[in-house]
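Scope of the values below: all heavy atoms of this structure, side chains included, with no hydrogens, waters or symmetry mates. Just so it is clear, the model here is predicted, and its values are computed rather than measured. Throughout, a chain's letter reflects where its sequence line sits, starting with A, and its residues are numbered from 1.
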Number of protein chains: 2
Amino acid sequence: MVAEAGQPARRTSAVGPERARRMPRAERREQILDAATRAFARTGYAATGLDDVAAEAGVTHVILYRHFASKGELYRAVLDRACTRLADTVGTDDFDDTSLPALIRAAAADPDGFRLLFRHAAREPEFRDVIDTIRSGSTDVTHRHLADAIPEGPWRDWAARIVPTFTLEAVIAWLDLGQPDPDRAAERIGRAIHGVIQAAHTD
Amino acid sequence: MVAEAGQPARRTSAVGPERARRMPRAERREQILDAATRAFARTGYAATGLDDVAAEAGVTHVILYRHFASKGELYRAVLDRACTRLADTVGTDDFDDTSLPALIRAAAADPDGFRLLFRHAAREPEFRDVIDTIRSGSTDVTHRHLADAIPEGPWRDWAARIVPTFTLEAVIAWLDLGQPDPDRAAERIGRAIHGVIQAAHTD
DNA sequence: GTACTTGTATAGTCGGCCTTAAACAAGAGG
DNA sequence: CCTCTTGTTTAAGGCCGACTATACAAGTAC
């Protein structure tokens with residue numbers, strides 16, 4: 001049933017199934033991480049097959065294994081890179097006037113990584129730990145900032161939790177709409193956050 | 001290695017592995033839906049095995065198939081029920097002063113279903129459709145409400161999107177904290193929502 | 001008591017997807 | 001030219017989980 005003989009099956013003949021461009025190892029690795037970020041950002045870890053990632057990268061799944069030992073390791077590499085980029089741009093210590101613009105810059109620079117981290121990884125028990133440090137960190141910072149505005153108790157806890165969540169959702173919504181009006185984004189989102197905080201105050 | 005002979009293996013002997021209480025068909029079905037809601041709410045569709053659901057319900061996985069044809073059908077039944085309950089309590093047409101208390105009542109009445117719908121199902125492409133009608137509906141309503149406060153353009157779209165999202169996240173955060181101070185929950189959350197809307201206004 | 005329903009236990013099939021193996025093609029650099 | 005690296009193709013192997021089949025136990029209702 002198969003060709004069996006005849007011509008040696010595509011010899012750079014015609015327009016063959018476009019062989020992937022040859023790349024030095026390091027570059028290919030980054031390109032795979034880019035592709036994997038896009039692929040995973042669409043459907044999350046479980047629902048994304050390695051063949052999907054390979055196709056997105058324009059490569060065979062075999063090549064993936066020459067760079068990463070397993071699907072889980074590839075995914076962690078993707079998350080780690082996104083996480084590192086984020087931390088490098090925003091900083092992890094405190095939240096001041098420069099933080100929100102930085103956050104928005106980071107999100108715009110790597111929208112798929114941003115969505116992947118906070119839309120998917122946050123709900124995947126196996127990988128939750130990657131961003132849990134970020135999450136608990138920002139909750140703590142918020143908690144401190146609210147300490148003198150809201151009396152101790154469940155509603156301060158609630159506010160400390162909802163403010164970071166809202167911030168991230170606001171940025172993601174802005175990304176999903178195509179990052180319109182980037183110059184005023186920080187001002188707009190910042191005012192909304194401020195609105196939540198004001199409303200949470202106990203007069 | 002196995003017993004091979006001897007006593008006929010548990011004959012109501014001692015405290016046997018607790019045989020499940022016998023139930024009329026309809027009641028068992030509801031109880032399975034309850035259990036499945038809890039199980040799926042923990043880890044989502046893909047990561048939850050039928051054996052997890054069965055264990056949660058205190059039955060064998062075989063019994064699940066006497067009530068539902070497949071895992072997917074069971075999951076849809078769970079989502080549909082949660083969705084119906086929500087719609088029955090809140091209503092789908094408009095959003096007025098009674099809607100937020102109703103939403104909070106619905107969430108408190110079925111916290112697992114609420115979380116399952118908006119934490120997990122919203123991110124699962126196969127089942128997104130179940131709540132997409134709700135989501136687009138509430139976005140439209142919000143859009144209309146904001147029509148005379150925010151000029152047409154991307155920021156009105158953004159606000160129309162972020163307000164429902166914020167509302168849901170605020171309720172979920174309140175659920176996660178153990179539903180504290182339920183009498184003031186609607187007032188608190190309502191003020192926060194109002195804060196977002198106010199901040200979105202263009203003066 | 002007989003028949004039906006609800007349950008268990010056991011054991012298997014089947015398909016999907018991660019993972020590995022092996023042989024071959026072809027650019028890059030000495 | 002020879003070799004190393006980066007690719008492809010093809011073909012399994014292996015596990016896990018959905019799904020099915022069968023036989024049996026025990027309430028329930030007539």
Side-chain angles (χ1 to χ4, degrees), chain A residues 1-5 7-32 35-36 39-40 43-77 126, chain B residues 1-4 7-32 35-36 39-40 43-76 126:
Chain A
M1 198 53 116
V2 190
E4 196 57 310
Q7 57 238 83
R10 178 176 28 73
R11 170 212 288 295
T12 314
S13 68
V15 197
E18 10 183 322
R19 203 178 195 75
R21 182 172 74 83
R22 211 184 142 90
M23 271 182 210
R25 183 171 177 79
E27 183 180 349
R28 175 64 75 190
R29 187 190 150 93
E30 287 303 303
Q31 189 251 353
I32 289 176
F40 284 130
T43 46
Y45 179 71
T48 306
L50 280 184
D51 283 328
D52 299 326
V53 176
E56 181 77 32
V59 166
T60 308
H61 76 273
V62 177
I63 276 299
L64 300 184
Y65 285 99
R66 299 238 256 255
H67 291 268
F68 304 94
S70 68
K71 184 188 180 186
E73 202 167 285
L74 167 59
Y75 194 59
R76 276 207 179 270
E126 293 182 63
Chain B
M1 201 50 119
V2 189
E4 194 57 310
Q7 57 239 82
R10 178 175 28 73
R11 171 210 289 294
T12 314
S13 68
V15 197
E18 12 183 322
R19 202 178 196 76
R21 183 172 72 85
R22 210 185 144 92
M23 273 183 209
R25 184 171 176 79
E27 183 181 348
R28 175 64 77 189
R29 188 191 150 93
E30 288 303 304
Q31 189 252 352
I32 289 177
F40 284 129
T43 47
Y45 180 71
T48 306
L50 280 185
D51 284 329
D52 298 325
V53 176
E56 181 77 32
V59 284
T60 308
H61 77 274
V62 177
I63 277 297
L64 299 185
Y65 284 100
R66 300 238 256 252
H67 290 269
F68 304 94
S70 69
K71 185 187 179 184
E73 203 167 284
L74 167 60
Y75 194 58
R76 275 206 179 271
E126 295 181 64

> Where along nucleotides 17-22 of chain D does protein come under 4.0 Å, by heavy atom, of base (B) or sugar-phosphate alone (S), with - for untouched nucleotides?
Replying inline: -SBBB-
>> What is the distance, to the nearest angstrom, from the CD atom on A/E27 to the C1' atom on D/dG7?
In response: 14 Å
> Once you round it to whole Å, what is the distance between P of C/dT19 and CG of A/L64?
Replying inline: 11 Å
> Looking only at heavy atoms, what is the nearest atom pair of A/A46 and B/A46, with distance?
Replying inline: CB-CB, 4.1 Å
> A/F40 vs A/Y75 aromatic rings, parallel, tilted or perpendicular, using cut-offs 30° and 60°?
Replying inline: perpendicular
>> Need one value for A/T60: base, sugar-phosphate or nothing, where a base atom within 4.0 Å counts as base even if backbone is also close, heavy atoms only.
In response: base
> Which residue pairs pass the side-chain hydrogen bond (donor to acceptor under 3.5 Å, both in side chains) test when at least one of the two sits in residues 51-67 of chain A, sequence neighbours left out?
Replying inline: A/R38-A/E56, A/R42-A/E56
> A/R22 has an atom CZ; how far is it from atom P of D/dT8, in whole Å?
Replying inline: 11 Å
> Between A/V53 and A/A35, which heavy-atom pair has the shortest distance, and what is it?
Replying inline: O-CB, 4.3 Å
> What heavy-atom pair brings A/R21 and A/E27 nearest, and what distance separates the two atoms?
Replying inline: NH2-OE2, 3.2 Å
>> Just the rounded figure in Å: distance from C1' of D/dG7 to CE of A/M23.
In response: 12 Å
> Could you give the NE2-to-C1' distance, from B/H67 to C/dT5, as a whole number of Å?
Replying inline: 11 Å
> Counting distance only, does the side-chain N/O of A/K71 pair as donor-acceptor with the main-chain N or O of A/G49 below 3.5 Å?
Replying inline: no
>> If I take atom CD1 in residue B/I63 and atom C1' in nucleotide C/dT10, what distance separates them, rounded to the nearest angstrom?
In response: 15 Å
> Looking at A/R28, does any N or O in its side chain come under 4.0 Å of the phosphate oxygens OP1/OP2 on D/dG7?
Replying inline: yes
> Atom CZ of A/R29 and atom P of D/dT6: how far apart are they, to the nearest Å?
Replying inline: 13 Å
